[in-house]
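A, B, ... follow the sequence lines: proteins, then strands. Residue 1 opens every chain.
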Protein chains: 2
Amino acid sequence: MSAELTERRKQLLKLIIQEYIDTATPVASEVLVRKYGLPVSSATVRNEMAVLEELGLLTHLHTSAGRIPTDAGYRYFVENLMDRSPLSPQEQRTIRHQFYQVRSELDQWIHLAAAVLARHAQAAALVTPPRAYEARYKHLELIAIHETTVLLVLVFQDGTIKQQTLTLNESHDQEVLSRSAGRINQLCSGRRVGEIEQLLSAEGSSIEPPLSSIERLALEQIVRAMHQIEEQANEQIHHDGLLEILSQPEFSQVERVRQVLEILEHGRGLGPLIPQALASDGIQVVIGGEHGRDEMREYSVILSRYGVDGSVVGVLGVLGPRRMPYPRSISTVRYISNVMTNLLGELYGE
Amino acid sequence: MSAELTERRKQLLKLIIQEYIDTATPVASEVLVRKYGLPVSSATVRNEMAVLEELGLLTHLHTSAGRIPTDAGYRYFVENLMDRSPLSPQEQRTIRHQFYQVRSELDQWIHLAAAVLARHAQAAALVTPPRAYEARYKHLELIAIHETTVLLVLVFQDGTIKQQTLTLNESHDQEVLSRSAGRINQLCSGRRVGEIEQLLSAEGSSIEPPLSSIERLALEQIVRAMHQIEEQANEQIHHDGLLEILSQPEFSQVERVRQVLEILEHGRGLGPLIPQALASDGIQVVIGGEHGRDEMREYSVILSRYGVDGSVVGVLGVLGPRRMPYPRSISTVRYISNVMTNLLGELYGE
DNA sequence: CTTAGCACTCATCGGTGTCGAGTGCTAAAA
DNA sequence: TTTTAGCACTCGACACCGATGAGTGCTAAG
């Protein structure tokens, strides 16, 4: 009986979780009444705790230890209980200022985003570079480097840049290369990989004048590069903030550090979370082993998509121990996500 | 008396160090005679060990513990004792093959170098991107992205690419931008930053026709970017292989992990080692706190310059615990350094 | 429904004793 | 003079013990 969530129990749960997040030690009934001046005795609190445990929101490690939240407990906290306070105007200003300083350096954005996320959420941060759903050709440049070697710089519509080298049979001067690049630019501007492939196939061989050997070679590289980009679309994940989480008590055994590194570097355990975040609006919070992923049992992730919908998007978020300051982390992820979205919006036109 | 380094003592020292590197536990006299079938008794070995300790080549943590090498011991080992065996042809082939696969992707080289170093030397790897001593302008491209925003892609003679965005007062079409870029390319090709600055100053205002506002803006960005590149010349260090060293016993306390992270991410403690390696031929081995750097007392680094002398150079190497398989690490660093040097040589002409 | 009281549980910590690895020394053997 | 056997001594590692104390669960009274 009475296994229902009364208002008092909710408040108690909230306090317990906040306290645990704060102190990283199991919270005892006694401590709660003292610290927060509850109008009831510790015994009552204990009774309530027992009910919350029955409901699956709390556990304890052994009989004479304080309570700690379960995944479900955290989930309920995140969804119904926690105070959603955005970052302070002061913090927002600082962050905006940092981004303002690198506003023109596209490739710094993800570094900065990861660094700021890590510092403000005190967790490991992960950011995937913003990518278009499908690569579209924007611009090619061929630059003579040395005799028969040519630097091929490829720019896509989402701002991604790829550089490759090309080795030719005979040396050509910059003049010729520029003309070839110009021609390819005209042929391919705004095209998808499929359309460019056609230029190379029989179908495309009807173009006049026929493609020079340089042009063919360059086009082949372009097609290869575009396929490559689409394959590894959101696979490469930039991360930062290892140092931040090392100071947290849950990482006092190296084994944990190794696990996190494996998640961050190889994406082990992250599984479908990134694509999922990419496909859905709003903030995704995954607590512990919620989705049955064993490697993640001890960790939580908060992810958010960012970017211009339908044009160029990425995912950013934080990874930390299950005992994570959810309100703050979520606010941080949300804010940085917005900042990045705005930046990209300015770049590509909202 | 008799505190001199006889042949037998040298051989003993070599064995002790090899054994310690292997097992990570202080080595006992008894173990040595048994494992290597020495023609003397453990007592004799103990006497010899005492002499080696007197010479400052060995220590022990407490009276009844086996011996471990001191920095000087390792140093003597590296310089006079160890077997210098290059990587096996099999390994060399594997490595060359891996590099062959990414031969055209310039920006993959440092990633691959770090990854291969880390895996083969079982240590943390660090690689600075290859840089010219001073930046020289190679090529500029201006690409209209959206209304008044323009993507500026800047290529330097050493292959470095920088991308920036530029916001103009009014929108211009690609035609105009390309013409401006072409003009700047003509003006700046192969120039150093100083010469380009002159174009912007009073002295340069005599060019005809006078620079358009777009051209001025672009030039300003170019100058800024070149200064930036020269400042952070070899400051950014790419690293890899944290996971490799985590499994080593010396990193069983997180504190050590933090230290290494701080060295790798912020270059703390590396101090002048990188510039030093950049300035000298051959392989640099720094063992423990040899050069009085306290943060490094527990670690050793092996660095090598790579690249085309006088044209474009970088530094690569490994960082590991003092107890490091020096012969193997040194061979690996040497080999990868050669591979990278060859790759760059092909690119820029030997 | 709340609470005081109390028994019970369990991790933590300091202290103690034992064990074994390893050295250092000494005196005898080579 | 060098080597070696023998042995005392040192010190870390480990297990065990009991005390301590935090914290719960239960019960019976308010």
K.L.:
Does A/R34 have a side-chain nitrogen or oxygen under 4.0 Å from the phosphate oxygens OP1 or OP2 of D/dA22?
P.N.:
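False: A/R34 side-chain N/O out of range (4.0 Å or more) of D/dA22 OP1/OP2.
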K.L.:
Does the side chain of A/E19 pick up a donor-acceptor pair with the side chain of A/Y36 at under 3.5 Å?
P.N.:
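The criterion, which ignores hydrogens and geometry beyond distance, is satisfied for A/Y36 and A/E19.
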K.L.:
Side chain of B/R8: nearest nucleotide among D/dG25, D/dT3, D/dT4?
P.N.:
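So the nucleotide nearest the side chain must be D/dT3.
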K.L.:
Does any donor-acceptor pair link the side chain of A/S64 with the base of C/dT9 at a separation under 3.5 Å?
P.N.:
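Result: at least one qualifying N/O pair found.
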K.L.:
How close or far is atom C1' of D/dG23 from atom CD1 of A/I68, stated in whole angstroms?
P.N.:
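Between C1' of D/dG23 and CD1 of A/I68: 14 Å.
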K.L.:
What is the separation between atom CD on A/E30 and atom P on C/dC6, rounded to the nearest whole Å?
P.N.:
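Between P of C/dC6 and CD of A/E30: 16 Å.
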K.L.:
Where the side chain of B/H60 is concerned, which of C/dG22, C/dG24, D/dG25 is the nearest nucleotide?
P.N.:
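My answer, after comparing the listed nucleotides, is C/dG24.
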K.L.:
Tell me whether the side-chain N/O atoms of B/S29 come closer than 4.0 Å to OP1 or OP2 in C/dG22.
P.N.:
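No, no such contact exists.
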K.L.:
Just to be sure I understand the rule, does B/V27 reach a base, reach only the sugar-phosphate, or reach nothing, if contact means heavy atoms closer than 4.0 Å?
P.N.:
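The residue B/V27 makes sugar-phosphate contact but no base contact.
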K.L.:
Both B/N47 and A/A28 contact DNA chain D. Taking the nearest nucleotide for each, which residue is further toward the 5' end?
P.N.:
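Checking each residue's closest nucleotide, the 5'-ward one belongs to B/N47.
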K.L.:
May I ask you to verify if any side-chain N or O of B/T63 is less than 4.0 angstrom from the OP1 or OP2 atom of D/dT10?
P.N.:
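For D/dT10, neither OP1 nor OP2 has a side-chain N or O of B/T63 closer than 4.0 Å.
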K.L.:
Output the rounded distance in Å from NE2 (B/H62) to P (D/dG12).
P.N.:
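Rounded to whole Å, this separation is 5 Å.
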K.L.:
Could you give the CG-to-C1' distance, from B/L32 to C/dA21, as a whole number of Å?
P.N.:
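Rounded to the whole Å, the gap is 14 Å.
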K.L.:
Between A/E53 and A/R67, does at least one N-O distance fall below 4.0 Å, as a salt bridge requires?
P.N.:
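The answer is yes: the pair qualifies as a salt bridge.
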K.L.:
Would you indicate whether the side-chain heavy atoms of B/I336 and B/H120 approach each other to under 4.5 Å?
P.N.:
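No; the side chains remain at least 4.5 Å from each other.
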K.L.:
From CZ of A/R46 over to P of C/dC8, roughly how many Å is that when rounded to an integer?
P.N.:
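One finds 16 Å between P of C/dC8 and CZ of A/R46, rounded.
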K.L.:
Check the distance between D/dT4's P and B/E48's CD and give it to me in whole angstrom.
P.N.:
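B/E48 atom CD is separated from D/dT4 atom P by 11 Å.
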K.L.:
Measure NZ/B/K35 against P/C/dG22 and give the value in whole Å, please.
P.N.:
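In whole Å, C/dG22 P and B/K35 NZ are 12 Å from each other.
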K.L.:
Look at the aromatic rings of A/Y20 and A/Y74 and report parallel, tilted or perpendicular, splitting at 30° and 60°.
P.N.:
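Judged by the thresholds at 30° and 60°, the geometry between A/Y20 and A/Y74 is tilted.
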K.L.:
Please report the C-alpha distance between A/Y299 and A/Q259 in whole Å, then the side-chain angles of each, then the deciding distance to 0.1 Å, and finally whether the side chain to side chain donor-acceptor pair (under 3.5 Å) criterion is met.
P.N.:
CA-CA 10 Å; A/Y299 315 107; A/Q259 278 181 28; 2.9 Å; yes
K.L.:
Just the rounded figure in Å: distance from P of D/dT24 to CE of A/M49.
P.N.:
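For the pair A/M49 CE and D/dT24 P, the rounded distance is 6 Å.
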